[in-house]
Protein chains: 2
Amino acid sequence: MEANTRDRLVVAARDLFLAKGYNATGINEIVRTAGVHPGSLYHYFPTKEDLLVAVLEWYRDHLYDGLLQPVWERIDDPVERVFGLLDGYRQLLEMTNFDLGCPIGNLALELANSHPKARALMQVNFVQWTGAIRECLDAAADRLPEGIDTDSLATHVLTVMEGAVMLARTQRSFEPFDRAILHLRDYFDRLLADGTTWSAPVGCRPLSHLRGDE
Amino acid sequence: MEANTRDRLVVAARDLFLAKGYNATGINEIVRTAGVHPGSLYHYFPTKEDLLVAVLEWYRDHLYDGLLQPVWERIDDPVERVFGLLDGYRQLLEMTNFDLGCPIGNLALELANSHPKARALMQVNFVQWTGAIRECLDAAADRLPEGIDTDSLATHVLTVMEGAVMLARTQRSFEPFDRAILHLRDYFDRLLADGTTWSAPVGCRPLSHLRGDE
DNA sequence: GTCTTGGTTGAGTGCTCACTCAAATAGTAC
DNA sequence: GTACTATTTGAGTGAGCACTCAACCAAGAC
């Protein structure tokens, strides 16, 4: 079961960054958890940020087998797959008593300004995630309003998930999470029941007229 | 224009925490920005976390005059006020080139696990914010489906806002933000056009049946 | 004047941070 | 075996961290 040094470091850093954040996790703690010596880390990763990048690459490379596949294999309906994926995050909150949330979202707000290479990889992770959702929505295109932008709707789903996880962890309660998902479900129900052609809502983008834009 | 030492410290810490996060901001940087000496900080705040708490109390005490009032005074329609508030966050992203987001959301994911007193105050801030949205929704109750839970819908609005700000900052683009708000607007349009009595969507809470819950 | 009190000063504390490096060792080629 | 490279070792670096503290100051009470 012994993995190589590099992998052990990535896994240890992945878990600690998820639990405590990037800045609050020390290099010493990572090497102790991985069971390697400080010098070894710097043989593979010149800086702490390089290790962070490796962690984000790990998430990128394990989206399917770690996150999607377990849901896809027990749910067939494409719309239910979307909500099944969201429910996976709810289960993570439940299992960890709200200590762990979305690994990427955690790091995004902490590091988006200061670590551009990491930010680019977070972006890749988000785009991959929404791409998977988008495939579900495309598979259900016949039930959705004709002409709806599934890419846009997939982004909305990610938005709701990230916000819901944030609020649930802050409140240490499922209430905000379940409320947000309930309204997302209600929105989907209305889209699915629509049967008409999609047209962008009248008020969008909101209030540009009030800001003096012409 | 010289404020007292305590206020200068709170303002300096507020701005630095917003821009760089809590752990990445050093005490020395805060006192330098505030133009006070290190010892003075500890006269008012025994620990760094106490300063964080004071910052969160500042946000709590300035929600109305800092955030709501500027929007309320130029928009009367309660539903448009909701989207006007959201647009305020878009303007913040625009003005700062995606460097600044929601001050509370920023700290929430970084510190929810490790700083319980701060977490409690973030919760208060979120509850206040959704309370203001809820008042708008109540004022528009005659146009919304009868019996809809405005508290729940207000939480959904906060969820979308926090997720949208996170994605916009990660992508350094308005695209995810505008997409999320567009779908929220579309959802509102459908609620407002509904004219019937509210009933919870059939699929909620999602997939409990698939997890063996009875 | 003296006393007290709230606030200020700024050098200094011990500690942990990310990171270094020369030496030792393991693995592979021939 | 030797030669060479890849990897590991672990004590050690300077810098910055949150935080301390004894002395000092200013202003009001008497």
Side-chain angles (χ1 to χ4, degrees), chain A residues 1-58 106-107 110-111 113-119 121, chain B residues 1-58 106-107 110-111 113-119 121:
Chain A
M1 215 49 204
E2 277 293 305
N4 64 46
T5 303
R6 202 195 116 101
D7 289 346
R8 288 217 309 278
L9 284 166
V10 171
V11 167
R14 179 198 67 190
D15 294 346
L16 287 166
F17 290 165
L18 174 57
K20 315 185 17 168
Y22 178 77
N23 286 309
T25 301
I27 291 278
N28 284 340
E29 200 174 357
I30 294 171
V31 300
R32 210 182 317 124
T33 305
V36 308
H37 299 265
S40 293
L41 191 154
Y42 288 92
H43 177 69
Y44 296 100
F45 307 104
T47 70
K48 191 185 178 186
E49 181 170 10
D50 292 308
L51 178 54
L52 170 64
V53 164
V55 166
L56 291 167
E57 287 169 345
W58 187 94
N106 260 14
L107 299 167
E110 186 180 1
L111 306 170
N113 289 350
S114 48
H115 295 65
K117 278 202 299 191
R119 207 213 86 238
L121 266 162
Chain B
M1 216 50 201
E2 279 291 306
N4 63 48
T5 303
R6 203 196 114 103
D7 289 346
R8 289 217 308 278
L9 284 166
V10 171
V11 167
R14 179 199 66 191
D15 294 346
L16 287 166
F17 290 165
L18 175 57
K20 316 184 15 167
Y22 178 77
N23 286 310
T25 302
I27 290 279
N28 285 341
E29 200 175 359
I30 294 170
V31 300
R32 210 183 316 122
T33 305
V36 308
H37 300 265
S40 292
L41 190 155
Y42 289 93
H43 177 71
Y44 296 100
F45 307 105
T47 70
K48 191 184 179 187
E49 182 170 8
D50 292 308
L51 178 55
L52 170 65
V53 164
V55 167
L56 291 167
E57 286 169 345
W58 187 95
N106 260 16
L107 299 167
E110 187 180 1
L111 306 171
N113 289 350
S114 48
H115 294 66
K117 276 201 300 191
R119 208 213 85 238
L121 265 162

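In what follows, every chain begins at residue 1, and chains take the letters A, B, ... in the order their sequences are listed.
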(request) Identify, residue by residue, the members of residues 20-30 of chain B with a heavy atom below 4.0 Å from DNA chain D, and return them in order of residue number, or none. (result)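 B/Thr25, B/Gly26, B/Ile27, B/Asn28, in order of number.
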(message) Using a 6.0 Å distance limit plus a 45 degree cone around the ring axis, check whether A/Lys48 lies over the aromatic ring of A/Tyr42.
(response)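 Relative to the ring axis of A/Tyr42, which defines the angle, A/Lys48 lies outside at least one limit.
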So, do [X] and [Y] sit near enough that their side-chain heavy atoms are less than 4.5 Å apart?
{"X": "B/His37", "Y": "B/Val31", "value": "no"}
{"X": "B/Phe17", "Y": "B/Ile30", "value": "yes"}
{"X": "A/Asn113", "Y": "B/Lys20", "value": "no"}
{"X": "B/Thr47", "Y": "B/Asp50", "value": "yes"}

Can you measure [X] atom [atom1] to [N] atom [atom2] for me and round it to whole angstrom units?
{"X": "B/Tyr42", "N": "C/dG6", "atom1": "OH", "atom2": "C1'", "answer": "20 Å"}
{"X": "A/Glu49", "N": "C/dC17", "atom1": "CD", "atom2": "P", "answer": "19 Å"}
{"X": "A/Arg32", "N": "D/dG10", "atom1": "CZ", "atom2": "C1'", "answer": "15 Å"}

(request) For each nucleotide in nucleotides 4-9 of chain D, reading 5' to 3', give B when a protein heavy atom comes within less than 4.0 Å of its base, S when such contact involves only the sugar-phosphate, and - otherwise. (result) ---BBB
(request) Using the test side chain to side chain contact (heavy atoms under 4.5 Å, CB included), find all partners of A/Asn23 that sit at least two apart in sequence or belong to another chain. (result)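 A/Glu110, A/Leu111, B/Asn23, B/Ala24.
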(request) Taking all heavy atoms of B/Val10 and all of B/Val55, pick out the closest pair and write down the distance. (result)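 Minimum heavy-atom contact is O-CG2, 3.7 Å.
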(message) Set out, in order, the CA-CA distance, both residues' side-chain angles and the distance that settles side chain to side chain contact (heavy atoms under 4.5 Å, CB included) for A/Asp15 and A/Thr33, then state yes or no.
(response) CA-CA 10 Å; A/Asp15 294 346; A/Thr33 305; over 6 Å; no
